[in-house]
Amino acid sequence: DHHCPWMNNCVGAANLKHFILFLIYTWTCAAYSLVLFGWNYFFCADEDCTFHVVVIHLVRAMTFLCIGAFLFTSSMLMNVTYGLMTG
């Protein structure tokens, strides 16, 4: 058992399913956000596709946060999967 500050609860055998689902949903949302940001950034090559400087900085900040969330939840999912497989 350990305490998870994101769920504000202790994670153990009784609620491990909910913790894994939380990690999977967070990972999926981060991956989806990165795909959307990348799609809009790399496939926006028209002259009509200009953005305000503030919007560009906000998207860069959100991309940085999404990469952090993606990497963090990936490591947590690998850790939980390893714990389940090894007992």
Side-chain angles (χ1 to χ4, degrees):
D1 291 355
H2 71 278
H3 182 74
C4 178
W6 296 276
M7 292 181 65
N8 195 24
N9 199 358
C10 287
V11 177
N15 60 356
L16 187 61
K17 174 189 171 188
H18 302 289
F19 182 64
I20 292 173
L21 286 175
F22 169 73
L23 290 176
I24 289 171
Y25 295 153
T26 306
W27 186 87
T28 304
C29 289
Y32 183 68
S33 298
L34 284 173
V35 167
L36 285 180
F37 289 148
W39 184 272
N40 288 327
Y41 182 76
F42 290 113
F43 293 112
C44 185
D46 297 341
E47 288 84 19
D48 299 333
C49 193
T50 58
F51 298 106
H52 195 269
V53 176
V54 175
V55 173
I56 292 171
H57 289 303
L58 286 174
V59 168
R60 287 179 182 167
M62 286 301 299
T63 303
F64 180 73
L65 291 173
C66 285
I67 290 171
F70 182 79
L71 292 175
F72 178 73
T73 53
S74 294
S75 70
M76 289 295 292
L77 277 170
M78 287 187 287
N79 189 5
V80 169
T81 304
Y82 178 75
L84 286 174
M85 293 174 67
T86 58

Enumerate, atom names and distances included, each donor-acceptor pair closer than 3.5 Å involving a side-chain atom of residues 56-66, sequence neighbours excluded.
{"unit_1": "Thr63", "atom_1": "OG1", "unit_2": "Val59", "atom_2": "O", "d": "2.7"}

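- Considering only heavy atoms from C-beta on, Val11 stays 4.5 Å or farther from Val80 through its side chain.
- Applying the under-4.5 Å side-chain rule to Ile, Leu, Val, Met, Phe, Trp and Tyr, the cluster around Leu36 extends to Tyr32.
- Through direct or relayed side-chain contacts under 4.5 Å between Ile, Leu, Val, Met, Phe, Trp and Tyr, Val35 connects to no other residue.
- Rounding to the nearest 0.5 angstrom, the gap separating the CG atom in Leu21 from the OG1 atom in Thr28 is 10.0 Å.
- Two different hydrophobic clusters hold Leu16 and Met85 under the rule that ILVMFWY side chains link at heavy-atom gaps under 4.5 Å.
- By the ring-ring contact (aromatic ring centres under 6.0 Å, His included) test, Phe37 pairs with no residue at all, sequence neighbours left out.
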Side-chain donor-acceptor distances from residues 70-77 under 3.5 Å, at least two apart:
{"unit_1": "Thr73", "atom_1": "OG1", "unit_2": "Ala69", "atom_2": "O", "d": "2.7"}
{"unit_1": "Thr73", "atom_1": "OG1", "unit_2": "Phe70", "atom_2": "O", "d": "3.3"}
{"unit_1": "Ser74", "atom_1": "OG", "unit_2": "Trp27", "atom_2": "NE1", "d": "2.9"}
{"unit_1": "Ser74", "atom_1": "OG", "unit_2": "Phe70", "atom_2": "O", "d": "2.7"}
{"unit_1": "Ser75", "atom_1": "OG", "unit_2": "Phe72", "atom_2": "O", "d": "2.8"}

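- Sorted by first and then second residue, the side chain to side chain donor-acceptor pair (under 3.5 Å) pairs with a member in residues 77-87 form an empty list; sequence neighbours excluded.
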